[in-house]
Amino acid sequence: MHIPEPVLAPPFNITRASHTVLRVRDLDASRAFYTELCGLVVSDEDSGTLWLRGREENCHHSLVLRAGDRPLCERIGMRVQTADDIRKAQDHFGSIGVATQIVDVPFQGPTLQFRDSLGTPVELTASMPLKERMFMAYDGYRGAAAQRADHWQLQAQDVGRGLGFWHPLGFRTSEYTYSEDAAGVNLWGVWMQRKGNPHDLVYTNGPGPRLHHFAYCLRDAADLVHACDVAGALGYGRRLERGPGRHGISGAMFIYFRDPDGHRIELFNTHYQHIDLEPPVGWSLDDPRRADQWGLPAQEKWFMEATEFEGADPALPALTSELPTLEKFLQLA
Ligand SMILES: [Fe+2]
């Protein structure tokens, strides 16, 4: 499978996955889920919006919850290094025919909004107000005590097209999955990063663009198991959709919860560095260890259900494959 060589001098400097903006139906229910179970900290709130951050985060927010009638993801947000990168990004997108707009967003510096080649709504910003890092306020820890936002996994109707958009912007592929059929080898998923660990942005084959999950890093596996106990105690036990388990891709231990609106959050115990120019790791879709090193495969809904983006009707992918679901596994057992 051919993964292009890294672009080491991109036209502007995206530094990391920064924040996710979700539409939710009941702000109080969402607040309870994200503070009491996930352990996020409230940075600010008004009558219709909640701004949250992980316990070690210095930036103002990594999750924005906005009240609305229908669950959606409004956009994903990335940080760039400096305000000058916003101008360079606007120039670059103008040169390749991608429409952009600079908007005022509360608690963010100048913000550039656009859609990628799959229709994913994205924004870039270089700054946010700084808030106190709360990671040493151990007496205030709640639930999973999520420390920092790490990545998104999105479903893509054409993974190669997504890679073709982000790769020239300096995103490096750490791992990928592929399927094989009579026509040859097909790219099924790409794990792309800017911040030096395995991924900031993942595209996997499926009706897209849709937000499959966003992920927060925990201190360790003990917090991960503790989060499951807290979920049970708070009545969120049935919202645990998958795990605990250990991914082959990235090597992280994980759990996935569905929030009160069905948005999926992954809580995981960190993964390896990907800083030097190491070749990407390829996984065959036929190898179940890519997803689960041990334990049971995911339920069918984990593969099929995802959050739609505002203003982006999902398109069906050209690629199809038999899904290795828990339901099929149990039929075979
Ligand atoms: Fe993930």
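In each ligand, atom 1 is the first atom listed, and ligand 1 is the first ligand listed. In what follows, every heavy atom counts, from backbone to side chain, and hydrogens, waters and symmetry copies are set aside.
- For the pairing with F254, the ring-ring contact (aromatic ring centres under 6.0 Å, His included) check across H151, H213, H247 returns one residue only, H247.
- Rounded to 10 degrees, the NE2-metal-NE2 angle spanning H151 and H213 at the Fe ion (ligand 1) equals 110°.
- S43 and H61 share no side-chain donor-acceptor pair at under 3.5 Å.
- Taking the ring centroids of Y34 and Y216, they lie at or beyond the 6.0 Å cut-off.
- Among the backbone and side-chain atoms of H247, no N/O/S atom is found under 2.8 Å from the Fe ion (ligand 1).
- In terms of distance to the Fe ion (ligand 1), the nearest N, O or S atom of E266 is named OE1.
- Closest approach of P324 to R290, counting heavy atoms only: CG-NH2, 4.2 Å.
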